[in-house]
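One structure below.
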Amino acid sequence: MNEFIQYHRILLIRARPGSERSRLGQDYAAHLIDPGGRLLVFFHAEGVEHAAEGEPSAEWRSLADWHGVVLAVCSGSWSRRHREQPAPPFVISSLTGFWNHAVDAREVICFGAGDGDG
């Protein structure tokens with residue numbers, strides 16, 4: 001996420017894998033696929049576990065592989081939980097990068113802590 005790209009929509013995923021909010025976020029992302037639009041999914045807090053190897057990341061990987069969705073993982077949240085880098089297509093980014101993109105996005109939606117659902 002070093003070069004500036006304007007994303008039309010950004011999903012902030014703070015919900016842990018397997019939670020109801022997490023599943024809602026994945027479903028919402030799948031319905032946002034738009035050939036002309038750019039979608040960024042930013043994983044923060046417990047949400048970074050979606051980038052860990054295994055089942056939670058499979059659906060997100062398919063969105064990135066098939067539809068070009070950018071999957072960014074908060075560097076601080078990730079480094080507190082893991083030693084190795086997340087496997088592609090997940091990329092490390094920062095909260096500063098997230099906010100720089102969020103300012104210009106048409107829509108930013110949060111799934112997980114802070115989304116009004118506890």
task = Would you check if there is a donor-acceptor pair between the side chains of H8 and R38 at a distance under 3.5 Å?
result =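 No, no side-chain donor-acceptor pair sits under 3.5 Å.
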ask   = According to the side-chain hydrogen bond (donor to acceptor under 3.5 Å, both in side chains) rule, which pairs have a member within residues 68-92, sequence neighbours left out?
value =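 Qualifying pairs, neighbours excluded: E49-H82.
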How far apart are the closest heavy atoms of [X] and [Y], and which atoms are they?
X	Y	result
I10	F98	CG2-CE1, 3.6 Å
F43	G47	CD2-O, 3.3 Å
H44	C74	CD2-SG, 3.6 Å
L40	A72	CD1-CB, 3.9 Å

ask   = Listed by chain and number, what are the side-chain hydrogen bond (donor to acceptor under 3.5 Å, both in side chains) partners of S22, not counting sequence neighbours?
value =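 With neighbours one apart ignored, the set is H50.
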inquiry  = Restricting to side-chain hydrogen bond (donor to acceptor under 3.5 Å, both in side chains), what partner residues turn up for R9, sequence neighbours left out?
reply    =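 For R9 the side-chain hydrogen bond (donor to acceptor under 3.5 Å, both in side chains) partners, ignoring immediate neighbours, are E107.
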In Å, rounded to the nearest 0.5 Å, how long is the span from [atom1] of [X] to [atom2] of [Y]?
X	Y	atom1	atom2	result
F42	L11	CZ	CG	12.5 Å
R14	S19	CZ	OG	12.0 Å
N100	S93	CG	OG	9.0 Å

query = Looking at residues at least two apart in the chain, or sitting in another chain, which of them share a side-chain contact (heavy atoms from CB on, under 4.5 Å) with R23?
reply =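 So R23 forms a side-chain contact (heavy atoms from CB on, under 4.5 Å) with E20.
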task = For L63, check side-chain contact (heavy atoms from CB on, under 4.5 Å) against everything at least two apart and list the hits.
result =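 For L63 the side-chain contact (heavy atoms from CB on, under 4.5 Å) partners, ignoring immediate neighbours, are A29, A30, I33, W60, H67, V69.
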Within residues 60-79 or reaching into it, pairs that qualify as salt bridge (charged side-chain N to carboxylate O under 4.0 Å, His left out) - sequence neighbours excluded =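 Residue pairs passing salt bridge (charged side-chain N to carboxylate O under 4.0 Å, His left out), neighbours aside: E53-R61.
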